[in-house]
Every structure is written in structure tokens, then in C-alpha cells.
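Step one of this worksheet: look at the structure below.
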Amino acid sequence: MSIEDGERRIEEGVRTDFRSRMDYGGYLDLDKLLDSQHPVSTPVHPDELLFIIQHQTTELWFKLVLHELESVRTYLQADDVSRGRKALARVKHIFRTLAEQWSVLATLTPSEYAEFRGFLGSASGFQSYQYRAVEFILGNKNAGMLPVFAAKPEQQERLRGVLDSPTVYDAFLRFLVAHGHDVPQQILDRDVTHAWVEQPGLIPVFQRIYDDPTAHWAEYAMCEDLVDLEDAFQFWRFRHLRTVQRTIGYKTGTGGSSGVDFLKRALDLTFFPELYSVRTEIGN
Ligand code: HEM
Ligand SMILES: N[C@@H](CC(=O)c1ccccc1NC=O)C(=O)O
């Protein structure tokens with residue numbers, strides 16, 4: 001009998017004494033994690049906890065995204081496309097989850113948010129160092145973001161490290177060269193500290209792959225994975241924009257930007273423009 005009087009019987013072997021054993025909370029450092037929510041509103045607004053947890057969970061996922069993207073780059077450099085694709089798939093699923101998570105924050109009404117927004121001062125997601133690092137490693141580099149982190153030298157240095165390193169796309173182009181594709185040398189020699197700008201010289205390279213996927217399956221699959229990733233990332237940006245619009249309308253941001261209009265312009269940023277442009281040529 002599995003249920004008695006509505007209770008599941010706890011089996012004999014189930015451990016209950018953790019005075020000298022590793023337990024759940026210890027392993028996960030839950031004391032620290034669950035003691036990290038500090039509302040600043042006075043009196044504490046009941047919805048500020050939602051606001052904090054939504055950000056903290058996002059930052060935790062960003063931490064994993066960055067870690068996985070660094071490994072995608074390493075796998076590509078080591079010519080291990082299968083493992084690269086697997087790590088990329090994980091990142092894609094994280095972004096889909098994060099895009100979906102906006103619906104939780106959307107339960108915060110404009111009037112509820114207005115009641116504690118003033119307590120946030122000039123804090124803004126614009127100052128998220130991990131978000132910026134993810135943008136950088138994917139190619140949206142912008143050295144102008146570094147001063148934002150001047151008050152946090154450790155973060156600023158890590159961000160500078162990502163700015164100075166090749167992107168996932170740079171690593172992918174080298175992978176293509178190793179597999180016999182004719183990537184123009186001046187593209188390979190680019191200054192990796194700059195934002196990626198569309199390179200028409202890459203279109204024929206991708207055209208050759210898309211014209212005969214069977215002959216270039218690994219490269220083809222990786223191209224499609226990158227498109228999936230850009231789509232998922234843009235979807236996150238879009239849902240952020242729409243959540244902001246429904247919550248603060250056209251107010252200027254706490255970070256000092258115009259707000260919705262500034263966020264809209266981020267939708268024009270792109271990581272892998274040639275992978276979209278090549279689609280225009282398919283079937284012609
Ligand atoms: C009601 C909730 C939110 C509002 C009203 C809001 C509003 C804004 C605004 C107005 C900006 C532009 C910068 C500024 O002037 O402040 C911004 C940027 C940003 N926010 Fe939010 N945000 C919200 C929730 C979130 C959440 C949950 C995250 C997750 C970490 C987030 C991450 C970001 C990031 C990364 C940026 C920089 C975007 C960029 O540079 O393109 N925001 N937000
Ligand atoms: N920029 C937002 C404030 C905000 O959303 C925020 C404030 C503190 C920490 C993170 C935030 N999230 C995203 O910008 C606003 O203008 O209302």
C-alpha cells in the first residue's frame with residue numbers, strides 16, 4: 001500500500017540525520033541564496049519580492065549561459081562540433097525559459113510597481129554585467145559599456161576580458177576554415193574588440209553550405225543552431241520591451257535612458273547577420 005491515511009510512508013532507508021552528512025541546503029548554499037533578497041521599500045511593498053526574485057533567477061541563468069557559451073567557443077576551437085552544439089542547445093532552452101518567465105513579472109501592475117519604483121534610485125538592468133558579457137561573447141561588443149562598471153573593478157576587468165576575446169561567431173568562422181571553407185582572410189583578421197558588422201564576403205561561404213546541406217552537415221546544423229539562438233535572444237529582448245511598456249509606459253528609465261524607445265533600438269542589433277542574409281539567396 002503506497003498511501004495510508006492520506007500519507008506516503010517514509011521508507012526505512014530514507015536519511016533524516018544530517019548532523020555529520022552533506023545535505024540539500026548545505027550543498028546548494030541555500031542559507032546564502034535565500035538570505036539574499038533585501039527589499040528596499042519602506043514599508044516593504046509586498047510585490048518587491050517578486051521583482052527581486054525575477055531578477056535574481058534571471059542573473060543565475062545568465063551565469064550558466066555565459067559558462068555554456070564559453071564552452072561552445074572552446075569546443076569549436078577544439079573542432080568538437082557535437083559538444084559545441086549540445087552546449088548551444090542548452091543556452092537556447094535557457095533563453096526560451098527566460099522569455100517565458102516575463103509572464104510572471106507581467107502580473108505586476110503599473111500601479112503596484114509605481115508604489116516602490118522610487119526606492120530603486122538609479123539602479124537599472126542596464127548595469128547588469130552578466131547580460132553585457134553575454135551580448136559581448138555573442139558579438140554585440142561595445143567598449144562604451146565598460147565605464148558603467150568602474151565602481152566594480154573586478155566586474156569591469158572580467159567584462160574587458162570578454163571584450164578582448166573572440167566571439168562564438170569568430171570561433172565558428174575558424175572552424176569553417178578548418179573544414180575547407182573559404183572565409184576571407186580580412187574577416188578572420190578582424191579586431192575582435194569591435195562589434196560584429198555584416199560582412200558581405202561571408203554570404204558565398206554560407207550559400208555553399210545551404211546549397212548542399214548533406215555535404216556540409218555539421219556546419220549546416222551549427223548555422224541553424226546559431227539562428228535558433230539569435231531568435232531566442234531577440235525574443236527575450238522583445239518580451240522585456242513589452243513588459244516595460246505595459247509597466248511604465250513611456251517614462252524615462254531609472255538608468256537614465258529614454259526607456260521603451262531605447263530598448264526598441266536594441267532589437268535592431270544582430271549577432272549573426274549573414275545567417276539571415278543568406279536566406280534571401282536560397283533558391284535563387
Ligand atoms: C517591470 C520591470 C522592468 C522595467 C520597468 C524595466 C525597465 C528597463 C528600462 C527602462 C531599461 C533601459 C535602461 C534604463 O534607462 O533604465 C532597462 C534595461 C535593461 N533591463 Fe529592465 N526592466 C524591468 C525588468 C527587468 C528584468 C526582470 C531584467 C532581468 C535581468 C531586466 C534587465 C534589463 C537589462 C539587461 C537592460 C539593458 C538592456 C539594453 O541595454 O538593451 N529588466 N530596463
Ligand atoms: N529600469 C527600471 C528599473 C528596473 O527595472 C530595475 C531596477 C533595479 C534593478 C533592476 C531593474 N531591472 C531592469 O531594468 C525602471 O526604469 O523602472
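As the structure lists them, so they are numbered: ligands from 1, and atoms in each ligand from 1.
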#### Entry: Residues that Q207 engages under side chain to side chain donor-acceptor pair (under 3.5 Å), provided they are two or more places apart
none
### Query
Can you list every salt bridge (charged side-chain N to carboxylate O under 4.0 Å, His left out) pair that touches residues 119-145, not counting sequence neighbours?
R132-E135, E135-R237
### Message
If we check side chain to side chain donor-acceptor pair (under 3.5 Å) with Q130, which of these qualifies: R158, E59, Q155?
### Response
E59
### Message
Checking a contact table here: which protein heavy atom is nearest atom 6 (C) of ligand 2, and how many Å away?
### Response
F51 CZ, 3.6 Å
#### Entry: Pairs touching residues 60-78 that satisfy salt bridge (charged side-chain N to carboxylate O under 4.0 Å, His left out), sequence neighbours left out
E68-R90
### Query
Who's the nearest protein heavy-atom neighbour of atom 15 (O) of ligand 1, and how far?
S257 OG, 2.7 Å
### Message
Only heavy atoms of G255, strictly under 4.0 Å: list the atoms of ligand 1 that pass.
### Response
14 (C), 15 (O), 16 (O)
### Which residue and heavy atom of the protein sit nearest atom 11 (C) of ligand 2, plus the separation
H55 NE2, 3.1 Å
### Message
Within ligand 1, which atoms have a heavy atom of Q54 less than 4.0 Å away?
### Response
27 (C)
### Message
Looking only at protein heavy atoms, which one is nearest to atom 41 (O) of ligand 1, and what is the separation?
### Response
A266 CB, 3.8 Å
### Query
Taking the side chain as C-beta and beyond, is there a heavy-atom pair between T270 and E198 under 4.5 Å?
no
### Q101-T57 side chain donor-acceptor pair, cut-off 3.5 Å
yes
### Query
Of the backbone atoms (N, CA, C, O) and the side-chain heavy atoms from C-beta on, which set of Y131 has a member under 4.0 Å from an atom of ligand 2: side chain, backbone, both, or neither?
neither
## Note on the structure
Residue, atom and distance of the protein heavy atom nearest atom 40 (O) of ligand 1 read R132 NH2, 2.8 Å
### Query
Any idea which of Q127, K251, H240, R117 brings a heavy atom closest to atom 16 (O) of ligand 2?
R117
### Summary
Any protein N, O or S atom under 2.8 Å from atom 21 (Fe) of ligand 1? Found H240 NE2
### Message
On a heavy-atom basis, I'd like to know which of L105, N142, T57 is closest to atom 2 (C) of ligand 1.
### Response
L105
### Query
Does a side chain donor of either H179 or E219 reach within less than 3.5 Å of an acceptor in the other side chain?
no
### Query
Starting from atom 27 (C) of ligand 1, which protein heavy atom do you reach first, and at what distance in Å?
H55 NE2, 3.3 Å
### Summary
the protein heavy atom lying closest to atom 13 (C) of ligand 2 turns out to be G125 N, 3.2 Å
### Query
Which heavy atom of the protein is the closest neighbour of atom 30 (C) of ligand 1, given with residue, atom name and distance?
T58 CG2, 3.6 Å
### Task
Answer yes if the ring centres of F18 and Y24 are under 6.0 angstrom apart, and no otherwise.
no
### Query
What is the nearest protein non-hydrogen atom to atom 1 (C) of ligand 1, stated with its residue, atom name and distance?
T247 CG2, 3.7 Å
### Query
Among the heavy atoms of T243, does any lie under 4.0 Å from an atom of ligand 1?
no
